[in-house]
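Within every chain, numbering begins at 1; the chains are lettered A, B, ... in the order of the sequence lines, protein sequences first and strands thereafter.
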Amino acid sequence: MNNDRYNGKESFDAWKKEWALEDRYNFRTIESKWQKIWDDNQLYKVDIDKNKEKFYVLVEFPYPSGAGLHVGHPRSYTALDVVARKKRMQGFNVLYPMGFDAFGLPAENYAIKTGVHPAISTKQNIDNFVRQLKSLGFSFDWNRCFSTCDPEYYKWTQWMFIQLFKKGLAYKDKIAINWCPSCKVGLANEEVVNGCCERCGAQVVRKNKEQWMIAITKYADRLISDLDGLDFIDRVKTQQINWIGRSDGAELDFALYADDGTDLNKKMKVFTTRPDTAFGVTYMVMAPEHAFVQDLMSVFKNKDEIKDYAAKTAQKSDLQRTMDDSKSGVELKGIKAKNPFNGQMIPVFISDYVLTGYGTGAIMAVPAHDQRDYDFAKLFNLPIIQVLDGGDISEKAWEEDDLHINSDFLNGLNKEDAMKKAIDFAQSNGFGAAKVNYKLRDWVFSRQRYWGEPIPMVYCEHCGWQPIDESELPLTLPEVPDYHPNDEGESPLSKAGAWLETKCPKCGGKARRETDTMPNWAGSSWYFLRYCDPHNSKEFASKDALDYWMNVDWYNGGMEHTTLHLLYSRFWHKFLYDCGYVPTKEPYNKRTSHGMILAANGEKMSKSRGNVINPDDIVNSYGADTFRLYEMFIGPFDQVAMWSEESLMGVYRFVNKVYSLFKKVDAQIQPEEKDLHAMHKCIKEVTERIDQMKFNTAVSSLMTYVNYLSDKEKIAVELYETLIKLMCPFTPHLCEEMWARLGKDSFAVAENWPVFNPDLVEDNVVSIAVQLNGKMRGVIEMPKDASKDEVEKAAFSLENVKRQTEGKEIRKVIVVPNKIVNIVA
RNA sequence: GCAGGCGUGGUGAAAUUGGUAGACACGCCAGACUUAGGAUCUGGUGGCGUGAGCUGUGAGAGUUCGAGUCUCUCCGCCUGCACCA
């Protein structure tokens, strides 16, 4: 063991003399000393060890912003550091890695403003983050750290994109994107705030652009059904299920005819979840953007009105379209649709309440049983036919279920049977079939940005889009003269000159590189796999490493990532699984989520409000251990919490108390039975509460135990040693120091986690509450497991009980062993 | 509107899942001590009442020997999605 441990003194004894004199807890010297020693001894470095059970603990890696660490980051990192440290002490081989999600807009905006290359500012920010994270004493294995913007990393992100393309899951499509006419740039949904550009405030419009898309919808069903076996907190599961939005129904064809009866040879396809209500259809609606509106224009008698309405709708932003729930629309005069169930000819409308992106962009309207259709029907004086019994449709639509009426062969059937029969009827007559629809859309994967992974594709006049040869990976970002998009809103890479020109990998002819880059979510979709084998240059990770480390056993992160990162990475993982590159079909066994930390007044912390707490200041004033412990004590882990410097002080006092308690430790004495009871109770509670992520009450248990110990004149060594081990995951520096002062030459952080003895957890005297008619009247002390008779006798001997039951008839006495007596009089 | 969650002292919150409501802290009050410190230590602290006691977990009802916990109705707050056919 090296002499550093004793502050340069030759022996433990010499060192002991020195600290025996100091009275105050000097966290500054203690914390930096132990951080260095742990680092020198590579204490948190892990390797595959097949003799040990592994445990993979993961927190979402941060975006290294220029503002540095926020007090919210350590909440998640400390919590899982506690979990990781405890698991390590329990004998698991623990992987707890950290890295950086380093591509992104802020660095690019900073580059536009200052001309500093994003790679340079990002590197500086990462260095600052690493310094801050190290100052908090997290047990990350820093040997495994990487950034998504490292070419050795994004080489594999690009490689995976090529695999997606080869399997037909990556494709180019012309879709409407958010476009800022002032910045001349495509915006991600997150960059649109209230329908306006986040940066310049201009109204965002829709613009059609060719974009790379990823067919995540092909995995929609599996993304729902595979949630079943996973230990995710419920709100994460339900949010993902709602976001994917599966609905079961049918697709039906309604043939279109001109007013004079000529068949227009167009089938209007609609999606409905209620094909059984088809006899209540009184009109049809298409989205104004529907292709038929253009195709049939020559047939319409009110062309101008139709064109007008379509143009007005196109101008409306999504927000305006959803905010305004009053109905509007235009009838397509000159055509009718034929209801295939009853042969009736019904009018067709366009209206903006039908969306082009969902289902088929056209609906059959059943105004009696859908409020939106009802409102529309009232506006245009359309007939309303009730086909479900039981409701009153004079004021509003009847949206409950009941038996069918006015429905020919469906009359008298319930929903389930009618659905089946209606779909059978459609199928056997060739105008429809059962169909599943999802709200989930395919993933827009193109960004017109510089600071992202170049998409490794080239366009050849003859061969179309081709992936570059895998031997050319990574395709590194070229230098560009400036980071603005060009006037057409193309990515800054379109200015990369010679870089753009290349050869077609298929025919060898002239080809041009894709200039769009990938979104942030690309690099974060598989980073947990890279941690398993971060320095591998031949594969993204070896099979051996993946077999050993996967799955992630516990993944904690923000709720805001539930429908983006969490869903994307599950999809990405399933794709790799289908290709045989990863051993499991789901990446994360357990997912939890932490609450936000707000400023003292309940507002969000932000630069503009000037209420940001800098973790550096807290570490300097109170030390990392106090900071860590406070964040665990602040409140229930999954709920929002408000920062309070006063509560932080309370925790600081507690940490000092543990430090000074050491003076009472006496090697000469043995623990008494009630001491052991307190100790084992503490072991039980802390152990269980960490597993249940009730970190706040785990800390309370430690405080209760410390209060117990500080009432004693002298403390047996075993009692204090156990305290130090139990606190070690929370306040590792202090505990390592006290461990050394106990004369140990092992590391506290490498000690075995204490195990409680169930026999010693319960005291052998219990206090039993005595109730009279359910009201508390007193407490009796009884030996544990005393008989009912004894307890009853003791209860009746209470003065209180005697007085208040005098002259009354005792009807019943309920005795719950070791808990309560209730006398009913 | 839909989905999920929440409502307990002056404050942050506990409550072994139906069994002594307010653990553990913060704050406050009273006292002790002093190397006057971001001190420390002792006691008290839900409300009303001098007291025995009464009362108390958003409101109201119900089930139960017993409800913060279970059931129903209502009120308020938070988060996500939102004309999804």
Side-chain angles (χ1 to χ4, degrees), chain A residues 23-24 233-239 241-243 245-247 249 270-274 277 285 318 321-327 351-355 357-366 369-373 375-376 437-441 559-560 562-563 595-596 600 621-622 630 633-636 638-654 656-657 660 684-685 688 694 696-707 710 767-780 800 803 811-825:
Chain A
D23 219 22
R24 301 191 45 186
I233 50 172
D234 285 342
R235 53 195 173 127
V236 168
K237 280 193 186 181
T238 47
Q239 254 183 54
I241 291 167
N242 291 346
W243 181 262
R246 180 188 161 113
S247 43
V270 302
F271 173 74
T272 174
T273 52
R274 297 301 298 267
T277 60
V285 191
D318 265 12
R321 215 163 143 169
T322 48
M323 289 303 279
D324 182 14
D325 57 359
S326 69
K327 297 286 176 288
S351 171
D352 63 4
Y353 87 92
V354 173
L355 307 173
Y358 183 74
T360 62
I363 61 154
M364 57 177 226
V366 187
H369 306 291
D370 181 294
Q371 191 57 44
R372 295 157 302 168
D373 295 347
D375 295 342
F376 192 85
N437 244 312
Y438 302 94
K439 288 190 212 172
L440 183 71
R441 310 294 160 79
M559 272 315 280
E560 70 275 18
T562 301
T563 51
M596 257 202 305
S621 316
Y622 301 99
Y630 170 62
F633 188 58
I634 194 167
D638 56 352
Q639 281 169 40
V640 290
M642 277 176 280
W643 186 262
S644 155
E645 185 117 0
E646 277 131 2
S647 291
L648 178 73
M649 275 300 300
V651 173
Y652 182 63
R653 278 196 284 253
F654 171 72
N656 272 289
K657 206 164 167 183
S660 40
K684 178 174 193 280
E685 288 179 357
E688 289 174 353
K694 292 180 174 177
N696 54 332
T697 50
V699 178
S700 306
S701 299
L702 291 167
M703 288 173 167
T704 305
Y705 182 49
V706 166
N707 287 345
S710 53
S767 49
I768 295 175
V770 179
Q771 294 183 338
L772 234 168
N773 296 324
K775 285 187 180 174
M776 258 291 287
R777 288 299 127 140
V779 177
I780 49 176
N800 237 345
R803 197 178 61 239
R811 286 195 302 208
K812 208 173 181 183
V813 179
I814 289 143
V815 179
V816 181
N818 300 324
K819 286 225 165 115
I820 208 159
V821 186
N822 192 12
I823 299 163
V824 187

For the rings on Trp643(A) and Tyr630(A), is their centre-to-centre separation under 6.0 Å? yes

Counting side-chain heavy atoms from CB outward, which of G19(B), G38(B), G12(B) is closest to Phe633(A)? G12(B)

Give the nucleotide from the list G19(B), A15(B), C24(B) with an atom nearest to the side chain of Thr704(A). C24(B)

Should the side chain of Ser767(A) and the base of U20(B) be counted as holding a donor-acceptor pair, with the cut-off at 3.5 Å? yes

Measuring only the P atom in each nucleotide, how far is G68(B) from A61(B)? A whole number of Å is fine. 15 Å

Lys439(A) (side chain) and C81(B) (base): donor-acceptor pair under 3.5 Å: no

Stem ranges for RNA chain B, with three or more consecutive Watson-Crick or G-U pairs under 3.5 Å? B:1-7 with B:75-81, B:10-12 with B:24-26, B:27-32 with B:40-45, B:46-48 with B:53-55, B:58-62 with B:70-74

Which whole number of Å gives the distance between the P atom of G27(B) and that of G12(B)? 15 Å

So, is Ser700(A) near the phosphate of A25(B), with a side-chain N or O under 4.0 Å from OP1 or OP2? no

Might you confirm whether atom NZ of Lys684(A) has over 12 heavy atoms from other residues, nucleotides or ligands at distances under 6.0 Å? no

Spacing of the C1' atoms in C24(B) and U8(B) (rounded, Å): 16 Å

Using atom CG of Asn818(A) as one end and atom C1' of U16(B) as the other, report the distance to the nearest whole Å. 13 Å

Contact class for Glu645(A) vs. all strands (heavy atom < 4.0 Å): base, sugar-phosphate, or nothing? base

Separation of atom CD in Glu560(A) from atom C1' in G4(B), rounded to whole Å: 17 Å

With heavy atoms under 4.0 Å as the rule, sort Ser701(A) into base, sugar-phosphate or nothing. nothing

Closest contact, heavy atoms only, Gly361(A) versus Val354(A): O-CG1, 3.5 Å

Does Ser647(A) offer a backbone N or O that forms a donor-acceptor pair with the side chain of Ser644(A) under 3.5 Å? yes

Hydrogens and angles aside, do Lys812(A) and Asn822(A) bring a side-chain donor and acceptor to less than 3.5 Å of each other? no

Applying side-chain contact (heavy atoms from CB on, under 4.5 Å), name anything that partners Val813(A), two or more places apart in sequence or on another chain. Glu792(A), Phe796(A), Ile810(A), Val815(A), Val821(A), Ile823(A)

Could you give the distance from CD (Gln239(A)) to CE (Met559(A)), rounded to the nearest 0.5 Å? 4.0 Å

Got a donor-acceptor contact below 3.5 angstrom from the Arg235(A) side chain to the Ile233(A) backbone? no

Under 4.0 Å, counting only non-hydrogen atoms across every strand here, what does Ser644(A) touch: a base, just sugar-phosphate, or nothing? nothing

For Met642(A), what residues pass the side-chain contact (heavy atoms from CB on, under 4.5 Å) criterion, not counting sequence neighbours? Leu598(A)

Would you indicate, yes or no, if G80(B) has its OP1 or OP2 atom less than 4.0 angstrom from a side-chain nitrogen or oxygen of Lys237(A)? no

Can you check whether Tyr652(A)'s main-chain N or O pairs, donor with acceptor, with Asn656(A)'s side chain at less than 3.5 Å? yes

Determine the interatomic distance between C1' on A23(B) and the same-named atom on G31(B); round to the nearest Å. 26 Å

Reckon Tyr622(A) touches a base, only the sugar-phosphate, or nothing at all at heavy-atom distances under 4.0 Å? base

Taking the side chain of Val816(A) as heavy atoms from C-beta outward, which of G19(B), C24(B), A85(B) is closest to it? G19(B)

Taking the minimum atom-to-atom distance to the side chain of Pro636(A), which one of G27(B), A13(B), U20(B) wins? A13(B)

Kindly say whether, by distance alone, the side chain of Tyr652(A) makes a donor-acceptor pair under 3.5 Å with the base of G38(B)? no

Can you measure from CG (Leu440(A)) to CZ (Arg246(A)) and round to the nearest 0.5 angstrom? 13.0 Å

Rounded to the nearest 0.5 Å, how far does OG of Ser247(A) lie from CZ of Phe271(A)? 4.0 Å

Between A85(B), G4(B), A15(B), which one does the side chain of Arg235(A) approach most closely? G4(B)

Which sits closer to the 5' end of RNA chain B, Ser647(A) or Arg441(A), going by the nucleotide each is nearest to? Ser647(A)

Euclidean distance for P, G56(B) against U69(B) (whole angstrom): 14 Å

Tyr630(A) OH - G12(B) P separation (whole Å): 12 Å

Gap separating the CG atom of Asp370(A) from the CE atom of Met364(A), nearest 0.5 angstrom: 10.0 Å

With RNA chain B as reference, determine whether Ile820(A) or Met642(A) sits nearer its 5' end, using the nearest nucleotide of each. Met642(A)

What's the closest nucleotide to the Arg653(A) side chain, out of G27(B), G4(B), C24(B)? G27(B)

Between atom CD in Glu685(A) and atom C1' in A14(B), what is the gap in whole Å? 11 Å

Heavy atoms under 4.0 Å, any strand shown: does Gly650(A) hit a base, just sugar-phosphate, or nothing? sugar-phosphate

Once you apply a heavy-atom cut-off of 4.0 Å, does Asn707(A) come out as touching a base, just sugar-phosphate, or nothing? sugar-phosphate

Closest approach to the side chain of Gln239(A), judged atom by atom: which nucleotide of G80(B), G38(B), G12(B) is it? G80(B)

Could you check how far CH2 of Trp243(A) sits from C1' of C81(B), rounded to whole Å? 8 Å

Identify the pairs formed between an N or O of the protein and an N or O of nucleotides 64-68 of chain B at a distance under 3.5 Å, and give each distance.
unit_1	atom_1	unit_2	atom_2	d
C65(B)	O2'	Asn822(A)	ND2	3.1
C65(B)	O2	Asn822(A)	ND2	2.6

When you check the glycosidic angle of U17(B), does it come out syn, meaning within 90° of 0, or anti? syn

Whole-Å distance separating the CD1 atom of Ile634(A) from the P atom of A13(B): 9 Å

When you check the phosphate oxygens OP1 and OP2 of C24(B), does a side-chain N or O of Asn696(A) lie under 4.0 Å from one of them? no

What's the spacing between Leu648(A) CG and Phe633(A) CZ if we round to 0.5 Å? 11.5 Å

So which protein N/O to nucleotides 49-54 of chain B N/O distances come out below 3.5 Å?
unit_1	atom_1	unit_2	atom_2	d
G53(B)	OP1	Asn800(A)	OD1	3.1
G53(B)	OP1	Arg803(A)	NH2	3.4

Taking only residues two or more places apart in sequence, or in another chain, which ones meet Pro636(A) in a side-chain contact (heavy atoms from CB on, under 4.5 Å)? Asp638(A), Gln639(A), Asn696(A)

To the nearest Å, how far apart are Leu648(A) CG and C26(B) P? 12 Å

Syn or anti for G4(B), given that syn means the glycosidic angle lies within 90° of 0? anti

Could you tell me the separation between the CE atom of Met703(A) and the C1' atom of A13(B), rounded to a whole number of Å? 12 Å

Heavy atoms only, 4.0 Å cut-off, all strands: where does Lys684(A) land among base, sugar-phosphate and nothing? nothing

